[in-house]
Structures are given as structure tokens and as C-alpha cells.
Amino acid sequence: MLAPSTEILDCIPSAARGWASPHAPRSGALRPDDSPERLASPPGEPAPAGAEHAAPPPRGPAMGASARAARRAARLVRMIEVEVVPRLVLAGRAAGRDSAPEPVAAAPGPEDVVALVGLVIGADAAAPLAYVEDLRLRGVTLERLYLDLFAVTAQRLGQLWTEDLCSFADVTVGLARLQGLVREYSPAFMPSVEAHDPRRSALLIPVPGEQHTFGLVMVAEFFLRAGWEVRSEPMMSNDEVRSAVRNRWFAIAGISIGNNDRLDGVAALIRLVRRESCNRGIGVMVGGRVFAENPELAGLVGADATATDGRQAALQAETLLALLSLRN
């Protein structure tokens, strides 16, 4: 979801968002059907009952502000039409490139997660791929594998380690094999993109010191599939992040954490990215279990948006890019 950060709410008219900014009086919010043209009575028609007692329409600066808000809302609608919607259509077509259609029942279940957990930490290194290939023959699409099997299996491995039900070595081996599965299917998962839009570039990083980075690998796959240029680093210091955003233009920075122990670090990293970026209007997204469970925290740490999985993150990035373009 888009987080109600101060920067986004202050720069986008209320009509575009469908609710009033918390920094402006709610009674003055302009709604999509409240344009001056719709509020005025058509020529030759009687005014609505009680209109003779109503206050005259605002003039001067107030009317100018409403007209500007309406124009900006119209710009946003146009931006969504020409930028976001076509991207989503292309993403849908890319999803349809899987050779087998996706029946309603053709999705990995909890039993498949349990089975894959056992296989990725087992002795037979070839067994996980053989199991996933069998799922593919059953009609499970790559998107469902990524979202409902690989990501959930990684989460389950983390839970097992937290509960002392498997060793750190088991988790390390298991995650390495999961990443191998992602690499195996990555060429089929990606659409053919003839030319990248230079505006659609993303830096995807964990907060410094974060150990749980498999989710970021998944997010990068969905960004790449949607046609973004991606720099994804599993481990970057603050100095390396500063150098990266100073020397290369990124439209979006995505930051992930595994738990709320590092929320202060996320907020500090977001401030650093905004302060040092050569793109002064860079958008910032956050992700991870803590934000999936408490999405309101995204705005509190200074982010513009959050999402629960890789597919939603790529879609949110498209919308955020369109919204941020209104600053220009």
C-alpha cells in the first residue's frame, strides 16, 4: 500500500488520492466530482433549491487553487492511463507467457512447502528441482511458485531456525538451494524487453546488518520481470549506499528488514538516501515481515510505499513512479 508519508501527501492533490491531506482542512478537499464546472448550474437551468442563500463561489486565489488542484488531478488521471495501466497490461501478458494455464487448484499448498523445506536441507541436491518440475507438470505457474512456494519456504526456514528446530547451517544450505531454483527459472520468468526506460531504475537493498535477504531476491525478480533496471545488493554499508545514490540515478529505492529491531536503522537509511541521492525526488519503498504486519509503519519511518510481496512491490513501484512525476 502507499504509505501516507508527508512528502507524498503534501505534493499530490486530494482529488488524486480520494481523501483530504491531513495537513489541510478536510472541508476544503476537492473531490473528483467537485470541479467548478460540475458545481455550477448549467446555463438556462434553475439553481438548486436553497442556492439563493448559498455563499457565492470563491473568487481570486481560492478559485485559482481549486482550478490548479483540478488540473493536477486531471494530470494524474492521464498519467495513470498512459503510464501505469499499459505497464500492468504488459505485466499481465508476461504472466500469461507460461506454457500451461493456471487452473484455480494449480497452486502450491502447505504440504508442498513442508516437502520443499525437507528437500532443500536434505542430502540430495537435485531433489528440490525435481520436485518443482513435478509441480510445473501439474500446471503450477512460475508466478505461483515464486509467491506461494519459494517465498513461503524461505519464511518457514527462518521460523524453524528461530524455534531451534534446525541449525544455521541447514538454513544456509536451504536458502542457497532456493536461490538456485530462482536462478533456474529466472530466464523463463522474465519477459523479453527490447529497450529499458531509463526512468524505471531501482536500487534494492536490505538495511545494513540484515541477515534475511532472500525476500529481496524475489522482489528483484518481479521488478526485472516488469521491465525495470535493478541494482540489488545483499549487503551494503551506509557509505556504499551513499556512493551508489550519488553516482547513479535511481527512480526508486527499496529497503527491506526482517523484524522491528532495525526500524531506527531503516529511518536513518531513508534519510541518507533522500539527502544524498542525485535524484532529489527519489521514491522510497520498504518491505519485510514487519511492514506486512504493520503497514502504517512505512509512513512513520519516512517511506512512500510498502508491499507484501514481490508482485505487489513491482505494481506499487509503477504507481509511485507516476505519482512522483507530478513533482516535476
Side-chain angles (χ1 to χ4, degrees), residues 107-135 140 142-186 204-222 232-238 241 254-269 285-295 297-298 301 306-313:
E111 68 281 1
D112 295 308
V113 174
V114 171
L116 190 59
V117 166
L119 292 174
V120 295
I121 64 177
D124 187 353
L129 179 58
Y131 187 84
V132 174
E133 281 293 290
D134 183 63
L135 291 178
V140 178
L142 289 177
E143 185 167 292
R144 295 266 62 86
L145 286 176
Y146 273 50
L147 292 173
D148 300 336
L149 186 60
F150 297 164
V152 180
T153 298
Q155 293 169 3
R156 183 57 184 153
L157 284 171
Q159 292 171 355
L160 291 174
W161 180 53
T162 301
E163 297 166 5
D164 289 329
L165 296 177
C166 69
S167 68
F168 183 75
D170 289 333
V171 174
T172 302
V173 171
L175 290 177
R177 288 178 176 169
L178 280 176
Q179 292 191 34
L181 291 173
V182 171
R183 288 193 298 269
E184 176 72 25
Y185 291 107
S186 184
L204 304 179
I205 53 175
V207 68
E210 178 60 58
Q211 299 295 319
H212 305 283
T213 60
F214 182 75
L216 204 61
V217 173
M218 301 294 293
V219 171
E221 289 285 303
F222 279 91
S232 181
E233 299 285 349
M235 193 176 300
M236 291 183 75
S237 66
N238 283 343
V241 173
I255 301 170
S256 71
I257 62 170
N259 55 64
N260 56 12
D261 293 341
R262 301 184 184 277
L263 283 176
D264 289 342
V266 173
L269 185 58
M285 300 178 62
V286 289
R289 181 175 57 83
V290 61
F291 294 111
E293 296 174 352
N294 305 280
L297 292 177
V301 298
T306 185
T308 57
D309 57 39
R311 178 176 57 184
Q312 286 191 15

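- Using modelled atom types, no side-chain atom of E221 and backbone atom of S186 make a donor-acceptor pair closer than 3.5 Å.
- F150 places none of its side-chain heavy atoms less than 4.5 Å from the side chain of L142.
- Two residues are said to be in side-chain contact when any heavy atoms from C-beta on lie closer than 4.5 Å; D309 and F222 fail this criterion.
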Step by step, would you call V182 with Y146 a side-chain contact (heavy atoms from CB on, under 4.5 Å)? CA-CA 8 Å; V182 171; Y146 273 50; 3.9 Å; yes
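- Separation of atoms CG (L269) and CE (M236) is listed at 9.5 Å; rounding is to 0.5 Å.
- For residues 174-185, the side-chain hydrogen bond (donor to acceptor under 3.5 Å, both in side chains) pairs, not counting sequence neighbours, are E133-Y185.
- Considering only heavy atoms from C-beta on, L175 comes within 4.5 Å of V171 through its side chain.
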What do the steps show when you test W161 against T172 for side-chain contact (heavy atoms from CB on, under 4.5 Å), and what is the final call? CA-CA 10 Å; W161 180 53; T172 302; over 6 Å; no
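- Shortest non-hydrogen contact noted between P108 and D148 is CD-CB, 4.0 Å.
- The two residues L204 and A220 have their closest heavy-atom pair at CD1-CA, 3.6 Å.
- Applying the side-chain hydrogen bond (donor to acceptor under 3.5 Å, both in side chains) test to pairs two or more places apart or on separate chains, those with a residue in residues 109-123 are D112-Y131.
- The minimum heavy-atom distance between T213 and P206, with the atom names listed, is CG2-CG, 3.9 Å.
- Side-chain atoms of L216 and P234, non-hydrogen and from C-beta on, never get closer than 4.5 Å to each other.
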Report all side-chain donor-acceptor pairs from residues 116-126 shorter than 3.5 Å, counting only partners two or more places apart or in another chain.
residue : atom : partner : partner atom : Å
D124    : OD1  : A126    : N            : 3.0

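- One distance of note links OG1 of T153 with CZ of F214; it measures 8.0 Å at 0.5 Å rounding.
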The test is side-chain contact (heavy atoms from CB on, under 4.5 Å); show your working for L181 and L145 and say whether it passes. CA-CA 10 Å; L181 291 173; L145 286 176; over 6 Å; no
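- The minimum heavy-atom distance linking A313 with V219 is given by the pair CB-CG1, 4.2 Å.
- Residues passing the salt bridge (charged side-chain N to carboxylate O under 4.0 Å, His left out) test with R311, sequence neighbours excluded: E143.
- In terms of heavy-atom proximity, T306 sits nearest to G287 at OG1-CA, 4.3 Å.
- A distance of 12.5 Å separates CD1 of I205 from CE of M235, quoted to the nearest 0.5 Å.
- Around atom CG of D264, no more than 12 heavy atoms belonging to other residues, nucleotides or ligands sit under 6.0 Å away.
- Under the salt bridge (charged side-chain N to carboxylate O under 4.0 Å, His left out) criterion, E293 pairs with R289, not counting sequence neighbours.
- Annotation: ring-ring contact (aromatic ring centres under 6.0 Å, His included) contacts involving residues 110-130, sequence neighbours excluded, are absent.
- Using a 4.5 Å heavy-atom threshold, the side chains of I257 and L263 count as touching.
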